[in-house]
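Below is one structure, written out as structure tokens, with a few remarks after it.
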There are 2 protein chains.
Amino acid sequence: MALTKADREILKLMQQDATITLNELAERVGLSPSSAQRRLQKLREDRVILRDVSIVDPKKVGTAVSMLVEVELERDRPELMPPFLRWLADTPEVQEAWGTSGRGDFTLVILVQSVEHFDVLADRMMEMNPNIRKFTTSVVLKTLKRTLAVHVE
Amino acid sequence: MALTKADREILKLMQQDATITLNELAERVGLSPSSAQRRLQKLREDRVILRDVSIVDPKKVGTAVSMLVEVELERDRPELMPPFLRWLADTPEVQEAWGTSGRGDFTLVILVQSVEHFDVLADRMMEMNPNIRKFTTSVVLKTLKRTLAVHVE
DNA sequence: GATGAAAAGTAGTGACC
DNA sequence: GGTCACTACTTTTCATC
């Protein structure tokens, strides 16, 4: 499943604006609309493009506090790992979660309406996950950049 | 610019799948297609919805190493702040960047093809930004969740 | 095996109620 | 906010390279 130059161009453009029409897309990558459409369809079939989503401004819907949370788990309780993963998946305030090397075991990006909401959430997190040894929180003062766009050569 | 119940439903659905048709959307929020369209249009005009983008699987395009980087800046060189912000904006490998309280001043999410690429990038970062006092790097071992979706009540 | 042109089908838009 | 007519976009077909 090698990517052509046109494929890469399509990915670049679609990551910027997925509402672009096939005519525009075709023109900008130097293909006919039907060819562009077929390439795009194949990129979706091959799961290179996973999905298209709208990006919502948190401030406009009343959720404006982001937190970076580093969580350290008890390593000797592996049976509590699946519930923790499920908690991450099921908690919509958790936007992102990575398992990392280094200091903390996990780093989470959490988006809530207020610090009070975070407090409640953190309490619930500890309550539901007794394998959390400790966690440290950084308040986001300023979001400078936010994209899931992948740099395509 | 108060959000109606239908608006919130629209945001929820569009954050999951922005390729949904107006007919589907209308049906699921209990409006006519043209009403749904008008609400959607207004959400875009009011910049509640900022844009629509395709989500690309990094593994499928050969970029598969994520790093979390905490950067600490010299506080007494404010004139070097704008260049740093420009570097963040102009470097496509930097997916996300926050200014935070707590230990580090800034936290970055960086996506590269390999650790070797990260090395080159980190060197360049230090070279171009002499106000970086130090930085610490965590390698992402596992990405558990990744979304920019905002939880809409 | 993929492309482009053109036809057929579907979805989005805007005027009107 | 809903209905309808119009326009634009997407998808398929078909011939071609």
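Per chain, numbering begins at 1; letters A, B, ... match sequence-line order. Everything numeric in this text was worked out from a predicted model, so none of it was measured.
By the side-chain hydrogen bond (donor to acceptor under 3.5 Å, both in side chains) test, R28(B) pairs with no residue at all, sequence neighbours left out.
Under 3.5 Å, the side chains of E116(A) and S114(A) contain a donor-acceptor pair of N or O atoms. Side-chain N/O atoms of T19(B) and D17(B) include a donor and acceptor closer than 3.5 Å.
For CE of M126(B), the number of neighbouring non-hydrogen atoms (other residues, nucleotides, ligands) closer than 6.0 Å is greater than 12. Counting heavy-atom neighbours within 6.0 Å of E74(B) CD, excluding the residue itself, gives a total above 12.
Checking the phosphate oxygens (OP1, OP2) of dG1(D), a side-chain nitrogen or oxygen of R39(B) falls inside 4.0 Å. Applying the 4.0 Å criterion to OP1 and OP2 of dG2(D), one finds that S35(B) has a side-chain N or O inside that range. Contact check, Q37(A) against dT12(D): no side-chain N or O comes under 4.0 Å of OP1 or OP2.
One can find a donor-acceptor pair under 3.5 Å joining the base of dG4(C) and the side-chain atoms of R38(A).
Between the P atom of dT13(C) and the CG atom of L25(B) lies a distance of 12 Å, rounded to the nearest Å. Following rounding to the nearest Å, N23(A) (CG) and dA6(C) (P) show an atom-to-atom distance of 14 Å.
Across all strands, T21(A) comes closer than 4.0 Å only to sugar-phosphate atoms, never to a base (heavy-atom distances).
Distance from the side chain of S32(A) is smallest to dG4(C) among dT12(D), dG14(C), dG4(C).
One end of the helix from dG1(C)-dC17(D) to dC17(C)-dG1(D) points its axis 30° away from the other end's axis, with each axis taken from 5 pairs and the angle rounded to 10°.
Ion pair K42(B)/D46(B) flagged as a salt bridge, since at least one NZ, NE, NH1 or NH2 atom sits closer than 4.0 Å to an Asp/Glu carboxylate oxygen.
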